[in-house]
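A short write-up of the structure that comes next.
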Amino acid sequence: MPELPEVETICRILREGQPGIPSLLGKIIAGVQVLWPRTLANCSPDEFRERLIGQSIQVIDRRGKFLLFQLSPDTLMVHLRMSGDLLVEAVSTPLALHHRLTIDFQDGLRLSFNDARKFGRVWLSADPGEVLGSLGPEPLDPSFTALDLYQRLQTSHRQLKPLLLDQSFLAGLGNIYTDEALHLAHLHPLMPSNELTLSQAERLWRRIRQVLEEGIRRQGASIDWVYRGGDFQNYFRVYQRTGEPCPECGTPIQRLVVGQRGTHICPNCQVLQR
DNA sequence: CACGAGACCTGTTCGC
DNA sequence: TGCGAACAGGTCTCGT
């Protein structure tokens with residue numbers, strides 16, 4: 001479930017609370033259970049537990065697809081990868097099958113990291129830059145302009161889609177939102193990035209932001225068993241719509257493979273030049 | 001440097 | 001019904 005809009009949705013829920021679920025801000029960590037040790041990317045279960053207990057949550061934020069919990073001296077960083085999820089539940093709730101890590105608070109609530117595929121990772125560090133340092137710009141940050149995108153595209157010869165998925169190029173896009181943005185911008189995923197004109201780059205910039213904002217507004221996309229309550233999956237234009245008509249021209253959507261990822265395009269709206 | 005394949009994992013869906 | 005293949009929102013590493 002985790003691209004920028006889904007991570008942002010979880011971030012807001014944990015920070016601001018939800019009906020029946022309080023905000024986690026200010027909560028003091030009283031206990032930690034590491035159920036799948038490889039979840040911890042940069043420390044041992046013992047070190048993780050000892051450092052975490054007693055710290056409290058000061059700030060909850062997002063950077064790219066990372067969730068950030070700023071604690072007393074340390075920062076806890078969570079990447080959900082393909083199937084990860086974060087849940088707030090009572091300490092008394094039985095551990096679900098795919099729980100990999102639980103953090104108990106003094107008030108009887110716990111934060112549980114559930115991850116069927118075990119790809120998700122958690123970092124604990126006093127210096128978040130160690131983990132986040134190589135991330136590219138935030139696409140929704142006001143300081144990220146269309147000209148910035150154009151200039152970055154010019155510096156690479158790579159195909160558009162793999163480049164947009166590269167988190168050091170731009171932080172937060174994944175397979176769904178990249179396909180959707182490229183379709184909205186009428187750009188082919190295999191187009192060399194340095195061949196985009198300024199006006200094509202501006203179009204892409206606007207469409208990336210549009211699709212991410214819509215995803216956030218709809219609280220993300222919920223597919224299969226990974227569910228969070230968002231409904232953006234009902235508004236996909238091309239993603240997982242192979243054979244269905246393009247919403248703009250009616251041409252059947254095609255599926256191709258680009259950089260080992262399923263990729264969905266309208267062959268009429270997204271044409272590779274020459 | 002750019003790209004492809006393989007690895008890491010489990011669960012669901014599809015095709016025969 | 002059963003069984004294997006294909007596929008899934010991500011990213012890292014290795015070889016060419």
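So that the names make sense, note that chain A is the first sequence line, chain B the second, and so on, each numbered from 1.
With respect to the salt-bridge test (charged N to carboxylate O, under 4.0 angstrom), the residues A/Asp46 and A/Arg49 qualify. A salt bridge links A/Glu138 to A/Arg63: at least one charged side-chain nitrogen sits closer than 4.0 Å to a carboxylate oxygen. Using a 4.0 Å cut-off between a side-chain N of Lys or Arg and a carboxylate O of Asp or Glu, A/Glu8 and A/Arg12 qualify as a salt bridge.
You'll find that the side chain of A/Ala116 is closest to B/dG11, out of C/dT11, B/dG11, B/dA5. Picking from B/dA5, C/dG9, B/dC9 the nucleotide with the shortest atom distance to the side chain of A/Phe119 gives B/dC9. Relative to the side chain of A/Arg117, the nucleotides C/dG9, B/dT10, C/dT11 differ in distance, and B/dT10 lies closest. Of the candidates C/dG9, B/dG11, C/dT11, C/dT11 carries the atom nearest the A/Arg81 side chain, counting heavy atoms from C-beta on.
Whole-Å rounding puts the A/Asp85 CG to B/dC9 C1' distance at 17 Å. The separation between A/Leu97 atom CG and B/dC9 atom P is 16 Å, rounded to whole Å. Between the CH2 atom of A/Trp123 and the P atom of C/dC12 there is a distance of 8 Å, rounded to whole Å. Per the geometry, CG belonging to A/Leu256 stands 12 Å off P belonging to B/dG4, to the nearest Å. Between the CD atom of A/Gln233 and the P atom of C/dA8 there is a distance of 17 Å, given to the nearest Å. Here the P atom of nucleotide C/dA6 and the CZ atom of A/Arg255 are 12 Å apart, to the nearest Å. Distance, A/Lys118 NZ to C/dG9 C1': 20 Å, rounded to whole Å. Here the C1' atom of nucleotide C/dT11 and the CE atom of A/Met82 are 10 Å apart, to the nearest Å.
Here, B/dC9 and C/dC3 have their P atoms 26 Å apart, quoted to the whole Å. Straight-line distance between the P atoms of C/dT1 and B/dG11: roughly 22 Å, to the nearest whole Å. Taking atom P on both B/dC1 and C/dG10, the two are 24 Å apart, rounded to the nearest angstrom. Across the P atoms, B/dA2 and C/dG9 are found 24 Å apart, a figure rounded to whole Å. Here, B/dG6 and C/dA6 have their P atoms 13 Å apart, quoted to the whole Å.
With sequence neighbours left out, A/Glu248 forms a salt bridge (Lys or Arg N to Asp or Glu O under 4.0 Å) with A/Arg237. By the side-chain hydrogen bond (donor to acceptor under 3.5 Å, both in side chains) test, A/Glu47 is found to be paired with A/Arg51, residues two or more places apart in sequence or in another chain being considered. With sequence neighbours excluded, the residues that form a side-chain hydrogen bond (donor to acceptor under 3.5 Å, both in side chains) with A/Ser56 are A/Gln58. Residues that satisfy the ring pair (Phe, Tyr, Trp, His ring centres under 6.0 Å) test with A/His188, not counting sequence neighbours, are absent from this structure. The salt bridge (Lys or Arg N to Asp or Glu O under 4.0 Å) check on A/Lys27 picks up A/Asp107, with sequence neighbours excluded. Every residue was checked against the ring pair (Phe, Tyr, Trp, His ring centres under 6.0 Å) condition with A/His183, not counting sequence neighbours, and none meets it. Every ring pair (Phe, Tyr, Trp, His ring centres under 6.0 Å) that A/Tyr177 has, sequence neighbours left out, goes to A/Phe232. With sequence neighbours left out, the side-chain hydrogen bond (donor to acceptor under 3.5 Å, both in side chains) criterion links A/Ser168 to A/Asp166.
When the side-chain nitrogen and oxygen atoms of A/Arg261 are compared with OP1 and OP2 of C/dG9, one or more of them lie within a distance under 4.0 Å. Residue A/Gln167 has a polar side-chain atom (N or O) positioned under 4.0 Å from OP1 or OP2 of C/dT11. OP1 or OP2 of B/dC9 lies within a sub-4.0 Å distance of a side-chain N or O belonging to A/Arg38. For B/dA5, one of the phosphate oxygens OP1 or OP2 lies less than 4.0 angstrom from a side-chain nitrogen or oxygen of A/Gln260. Within the structure, a side-chain polar atom (N or O) of A/Lys65 is placed less than 4.0 Å from OP1 or OP2 of C/dG10. Side-chain nitrogen and oxygen atoms of A/His98 include at least one within less than 4.0 Å of the OP1 or OP2 phosphate oxygen of B/dG11.
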**Study point:** DNA chain B base-pair string [pairs: Watson-Crick or G-U under 3.5 Å; |: paired with another strand]
**Key:** .|||||||.|||||||

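Applying the ring-ring contact (aromatic ring centres under 6.0 Å, His included) test to every pair with at least one member in residues 68-95 of chain A, sequence neighbours left out, gives these pairs: A/Phe66-A/His79.
DNA chain B is contacted by A/Ser156, A/His157, A/Arg158, A/Gln159 of residues 154-166 of chain A, taking any non-hydrogen atom closer than 4.0 Å. For the contact set between residues 179-191 of chain A and DNA chain C, defined by any heavy atom under 4.0 Å, there are no members.
Geometrically, A/Arg110 does not engage A/Phe105 in a cation-pi contact defined by less than 6.0 Å to the ring centre and at most 45° from the axis.
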